[in-house]
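Atom set for the values below is all heavy atoms of this structure, side chains included, hydrogens, waters and symmetry mates excluded.
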Amino acid sequence: MRLPVLATVILIALLGAGCRDDGGDQAPVDAVEGRVSSGSVTISGDDSEAASLTWSRPQVELDGEEETAGEVREQAEVALEQDRLFDDGDSAIPLYLALLDRDADDEEARAGLERSRERVLAMGDAALAEAGEDIVALREARRVAAVARAVWPDGDAVEGYLQRVDLAEQLWELNRQAEQEMQAGRYGETGGGALAILRRALELSPGQPRAMQNLAAVESALIRRAEDAADEDDFETAARWLEHAGQIRPESATVPDARARVARLREGRIARLRDQGVAALGQFDGIARAREILGDLLRIADPGDPDAAELRERIDLAVHYGLFRPGQVFTDALETGGRGPRMVVVPHGAFTMGAPEDEDGSTDQERPQRNIRFERGFAMAMTETTVGEFRRFVNATDHQTRASRRGFSMAWDERSGNFVRSSNVDWRSDYAGRRADDAMPVLHVSAEDAQAYVEWLSEQTGRRYRLPSEAEFEYVVRAGSATPFPWGEGSPREGSGNFTGEQDRSEGGRSWSNAFDGYGDGHWGPASAGSFTPNAWGVHDLAGNVSEWVADCWHDNYRRAPRDAAAWVNPGCRMFVIRGGAWASSPDQTRSSWRAPAARDTTNARIGFRVVREL
């Protein structure tokens, strides 16, 4: 066991032993300055640490021959070089003292003893540097103190060193006491305890490492209490513990980081309660259960919290108007008469967007993969926007599409077997430039034309319609799948969509050179909207028929993409993203994660669009 307080008293007694002349039992001082005739220091008491504060000078026998003295000097020099300073009779200090005992005028011995003093104090300071956390180092520092006090009782350097040892003792004891308080859970956040003791230690030695570590440990303990309270949804208590912790080391970033963690925990808990409340509304007696959940949410949320407001609104809607259900199909009335496009409610959830590294046909444009969560469902048009739907918009607004203004678009040319620039082709035209039926997906429209349509639809219905984001498009095209194609691997199942099939033939008998093996859908060019089987969420033709504009600006990959499902838009961007395979797309371009850039004023026979509506 350590007894630092007693050791401190002993050191103070030692400091006074060489500077009084009160007739007491003081060791006599020789004529040689800076040494005593006896190296013994007597300490009363039965302290087990006392031995480290005493030094009994080892005896060295010398005869009077000069030759012997020279050998002893040489022996002392070797011992000094090897840092054997005081442990036994072969050590430097006892040897030099013996030489001076024999001849007080031995200048070589005096110089050697001075060098020994410098070395022994350096050794002591090295021990003190480690003494804050190492009791062995502290004991070594005490041992050096005993030697220094016994041999050089009056030097300023020795006195300074003894004061440093005394300070180290005090710091050790204060840290020990603080650690005991911490083990007992008495941190002192409201006074006393470990904090008060540590502050005394830091007053003695600002920045002392062990005290600073203990201070950080107190801070961490209070943060743990805050996090434990937060785990129990007691965020008020958590805030109090964090307030106490924040006063310990105001300059540290630890508490602000903890506040952020607790805030995220609180936000997550609030979000879960909101989701539970919304889910409860679809159950028997769900309104009463949702109100109970809202009460729990309000107890931990700040006034005006948006999640609480949303749940309250959803409850109000359930009471007065009812709610949409996942998979529900609906249309909105248009102000000018008629109905908007048929929409289906997409369930909220999460998915992994993009292609894995080992997916055949994928590129780095589809990576890195990222997890996207939809906190709220949305509605998507069941089919691409049709020529008839777009006609209603043009008739109501006199909108001039890009292709109409410039007088041409890119259409299929059977003679060349390619897409060529064709005059007098616009939204009223089919893939080959002929007049299109109203049930066909609208083609030859730019991203700007599509945006104009959704803005008109929003004005007509009073609801927010827009182009889907890339994340929303891939989420719905996958419909819960994680395979390269919505249907899985390999060729599609019969009737699943309008894709480039090995069995497809053009009017002139052309076939595809890069197509799905063994597949045929009977179409060369787009089919009427909704001709094929919808996916698991009731949406048609996302993977085939025509590719579609989405709201995102083009970026070469998903690095730095939004963390949520929002469109990644840069003001004034010229390149937009198209998604989904088309009737003339290769199999690789039919994959769920496929994406490609297109100038926003691009028009051709392969690209159309569909709309989404926020709920």
Taking atom [atom1] as the centre, does [X] end up with more than 12 heavy-atom neighbours from other residues, nucleotides or ligands that are less than 6.0 angstrom away?
{"X": "Gln82", "atom1": "CD", "value": "yes"}
{"X": "Glu130", "atom1": "CD", "value": "no"}
{"X": "Glu232", "atom1": "CD", "value": "no"}
{"X": "Gln180", "atom1": "CD", "value": "yes"}

Under 3.5 Å donor-acceptor, [X] side chain and [Y] backbone:
{"X": "Arg464", "Y": "Glu614", "result": "no"}
{"X": "Arg373", "Y": "Asp564", "result": "no"}
{"X": "Arg249", "Y": "Ala216", "result": "no"}
{"X": "Asp305", "Y": "Ala308", "result": "yes"}
{"X": "Arg269", "Y": "Leu297", "result": "no"}
{"X": "Arg164", "Y": "Asp125", "result": "no"}

Flag the pair [X] / [Y] as yes when at least one side-chain heavy-atom distance between them is below 4.5 Å, and no otherwise.
{"X": "Ile223", "Y": "Glu219", "value": "yes"}
{"X": "Asp233", "Y": "Asp296", "value": "no"}
{"X": "Ser593", "Y": "Arg367", "value": "no"}
{"X": "Arg200", "Y": "Gln170", "value": "no"}
{"X": "Arg84", "Y": "Val78", "value": "yes"}
{"X": "Trp152", "Y": "Val120", "value": "yes"}
{"X": "Gln213", "Y": "Glu133", "value": "yes"}
{"X": "Asp106", "Y": "Arg73", "value": "yes"}

What pair of heavy atoms forms the shortest contact from [X] to [Y], and how long is it?
{"X": "Tyr161", "Y": "Ala141", "result": "OH-O, 2.8 Å"}
{"X": "His348", "Y": "Tyr475", "result": "C-OH, 3.3 Å"}
{"X": "Val262", "Y": "Ala230", "result": "CG1-CB, 4.1 Å"}
{"X": "Val569", "Y": "Cys553", "result": "CA-SG, 3.9 Å"}
{"X": "Ser362", "Y": "Glu366", "result": "CB-OE1, 3.4 Å"}
{"X": "Ala567", "Y": "Pro562", "result": "O-CG, 4.4 Å"}

Let me see the working for Arg57 and Asp101 under salt bridge (Lys or Arg N to Asp or Glu O under 4.0 Å), right down to the final yes or no. CA-CA 13 Å; Arg57 171 183 164 186; Asp101 286 339; 2.3 Å; yes
Output yes when Glu118 and Arg115 qualify as a salt bridge under the 4.0 Å nitrogen-oxygen rule, no when they do not. no
Is there a side chain to side chain donor-acceptor pair (under 3.5 Å) between Thr237 and Arg240? Walk through the geometry before answering. CA-CA 5 Å; Thr237 298; Arg240 286 202 304 271; 3.2 Å; yes
Using the ring of Trp241 (Phe, Tyr or Trp, six-membered ring only), decide whether Arg224 places NZ or CZ under 6.0 Å from its centre and within 45 degrees of its axis. no
Distance to the ring centre below 6.0 angstrom and angle to the axis at most 45 degrees; does that hold for Arg149 and Trp55? no
Using salt bridge (Lys or Arg N to Asp or Glu O under 4.0 Å), reason through Glu474 and Arg591 one step at a time and then give a plain yes or no. CA-CA 10 Å; Glu474 187 170 332; Arg591 293 175 300 106; over 6 Å; no
To the nearest 0.5 Å, tell me how far [X] [atom1] sits from [Y] [atom2].
{"X": "Asp364", "Y": "Asn557", "atom1": "CG", "atom2": "CG", "value": "7.5 Å"}
{"X": "Ser592", "Y": "Phe351", "atom1": "OG", "atom2": "CZ", "value": "9.5 Å"}
{"X": "Phe235", "Y": "Arg299", "atom1": "CZ", "atom2": "CZ", "value": "13.0 Å"}
{"X": "Leu174", "Y": "Glu179", "atom1": "CG", "atom2": "CD", "value": "11.0 Å"}
{"X": "Ile293", "Y": "Ile315", "atom1": "CD1", "atom2": "CD1", "value": "8.0 Å"}
{"X": "Glu181", "Y": "Asn214", "atom1": "CD", "atom2": "CG", "value": "12.0 Å"}

Quick one, Gln163 with Glu159, criterion side chain to side chain contact (heavy atoms under 4.5 Å, CB included). Give me CA distance, side-chain angles, the key distance, then yes/no. CA-CA 6 Å; Gln163 291 173 353; Glu159 184 174 351; 3.7 Å; yes
Determine, stepwise, if the pair Glu173 / Arg176 fulfils salt bridge (Lys or Arg N to Asp or Glu O under 4.0 Å). CA-CA 5 Å; Glu173 176 61 15; Arg176 184 191 66 79; 2.5 Å; yes
Please report the C-alpha distance between Asn175 and Gln208 in whole Å, then the side-chain angles of each, then the deciding distance to 0.1 Å, and finally whether the side chain to side chain donor-acceptor pair (under 3.5 Å) criterion is met. CA-CA 10 Å; Asn175 277 300; Gln208 200 265 339; 3.3 Å; yes
Can you say whether the rings of His555 and Trp568 are parallel (under 30°), tilted (30 to 60°) or perpendicular (over 60°)? parallel
Begin with the C-alpha distance, continue with both residues' side-chain angles, and end with the deciding distance and a verdict on side chain to side chain contact (heavy atoms under 4.5 Å, CB included) for Leu273 and Leu294. CA-CA 7 Å; Leu273 286 170; Leu294 177 61; over 6 Å; no
Have Ser91 and Asp88 got a donor and an acceptor in their side chains that come within less than 3.5 Å? yes
